[in-house]
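Shown next, in structure tokens, is the structure this report addresses.
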Amino acid sequence: MTSERKATQAPSLGDMPVDEFRQYGHAMVDWIAEYLSGIEQYPVLSRVAPGDITAKLPEHPPASPESMDGVMADIDRVVMPGITHWNHPSFHAYFSISASGPGILADMLSSALNVNAMLWKTSPAATELETVTLNWLREMLGLSKEFEGIIYDTASVATLHAVAAAREALNLRIREEGMSGRADLPRLRLYTSEQSHSSVDKAAILCGIGQAGICKIPVDPEFRMRADALGVAIEEDKADGWLPFCVVATIGTTSTTSIDPVPAIAEICKKHDVWLHVDASYAGPAAIVPEYRSILDGCEHADSFVTNPHKWMFTPFDLSAFYCRRMDVLKQAFSLVPEYLRTATDDVARNYMDYGIQLGRRFRSLKLWFIIRYFGAQGIAARLREQIRITQQLAKWIETDPNFELMAPVPFSLVCFRYRPKEYAEMLATAGDDEIAQMEQEIDGLNERLMETLNASGKLFISHTKLNGKFTLRFAIGNIKTTEDHIRSSWEFIQSEAAKVKKSQ
Ligand code: PLP
């Protein structure tokens, strides 16, 4: 085996010798720098078929040591063909997220330090940096000082903690006695819009609310939760014996980035004494841009709030910032301290393990610290502002092309649109219901094929959703390297491929 290491190259026990670490550490940084600077040579979407990567890997683990040269060579041979390049400036699927230089460096350091931020004592710097960077971010977002923060891995996990805290706030002794078989418990009801993320449903399922306990509130024509419908639903549920306990509002929904009317929702929550959690996972960072600060209006009345620096703040995956105005309730829900984790500073220093399901916690705040310091609040705001500007530019190009149509308002950096050749537009205006249904099916088919063709080209990667039953293309902008030139050439490519798809219909 060519990559087998000679027994003399390393001690048989112990770690990699420091000289070897330094040699391959430099090689790795060089590799990453080459990768990032040459990112545009790769097809955005990986072209492998299921099982292709597995086929390149031995079935059994190596019994004897292999050389680092062999391991490094396999990054290009085995791993890279199976990478979909989220760092590519033409990655526009889902939400376009990107790592950044300072964030990558911080993650390297976090791995090297390998601390577990479970207790203050297990690394005071990890705990205190987490508190301070979250306070910085809170100030950048313009959130009230009443919010205290904790870092989780993802928004899904943050929302799960919010729903668990909302349940705990009811003081129904669920922590102590559970829920099953209890005739004294009312049925709990959680409210969220038809457009909210599936993580809200998962949180409710995990907290024993059940899918039947989730009430999906309808949205208005701009995909925002209808506050009037929320008010009515809560009143009706109360009359039917439900106990409304939590509302999850979204600022920047997944399909269209619509903004729920949080001020009106907050008033309803206050009236009925219901926990309000705001999911601003994607759009939250836009509030760092002074002109967009008002998107968080009403959040001062929320009980909890989540935003993901790993979505739209150039932070390498993963880092989700969760803020809560009732940390005591979160602690009441999650704190459980066995003897072996007691410390002398428990009363004077925060132990983040008390505020979540995980004991072991990575040193994630390092990357937030590096990023905020390297770019500064103004630098982050400038980048987000530019991304919103080029998104608006794309929306204008789409709007003025008679063969395309916008499918939703564009408040941030996502455009929802579809290809609808102009002859269809003319026919749709006068057709009867059956003909319309037939034409809509054809238009859906055209768009599905267009998306497949575009993504197979390797030049860009977009995703889709369904809006009012119509297949809709989603073009998200958020990569730190994306420029107006990238967007222009992607748009021209979309136009020309659409015409080809139509021709081959
Ligand atoms: N909430 C919203 C609005 C989202 O768009 C997403 C993901 O795109 C999530 C929650 C889940 O985020 P995460 O992957 O951090 O769990």
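Numbers for residues simply follow the sequence, beginning at 1. One-based numbering, in listed order, for ligands and for the atoms of each. Values below: all heavy atoms of this structure, side chains included; hydrogens, waters and symmetry mates excluded.
- Ring centroids of Phe461 and Tyr94 are separated by less than 6.0 Å, placing the two rings close together.
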Are there any protein N or O atoms under 3.5 Å from the N or O atoms of ligand 1? List them with distances, or say none.
from	atom 1	to	atom 2	distance (Å)
ligand 1	1 (N)	Asp279	OD1	3.3
ligand 1	1 (N)	Asp279	OD2	2.6
ligand 1	1 (N)	Ser281	OG	3.1
ligand 1	5 (O)	Thr254	OG1	2.9
ligand 1	12 (O)	Lys311	NZ	2.9
ligand 1	15 (O)	Ala155	N	2.8
ligand 1	15 (O)	Asn308	ND2	2.8
ligand 1	15 (O)	His310	NE2	3.4
ligand 1	16 (O)	Ala155	N	3.4
ligand 1	16 (O)	Ser156	N	2.9
ligand 1	16 (O)	Ser156	OG	2.5

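- Ion pairing between Arg418 and Glu440 holds under the 4.0 Å rule for side-chain N and carboxylate O.
- Electrostatic pairing of Glu484 and Arg488 counts as a salt bridge here, judged by a charged N lying under 4.0 Å from a carboxylate O.
- Between Glu148 and Arg350 there is a salt bridge, since a side-chain N of the basic residue sits under 4.0 Å from a carboxylate O of the acidic one.
- Side chains of Asp279 and Ser281: a donor on one and an acceptor on the other come within 3.5 Å.
- Taking the salt bridge (Lys or Arg N to Asp or Glu O under 4.0 Å) definition, one finds that Lys238 meets it with nothing, sequence neighbours left out.
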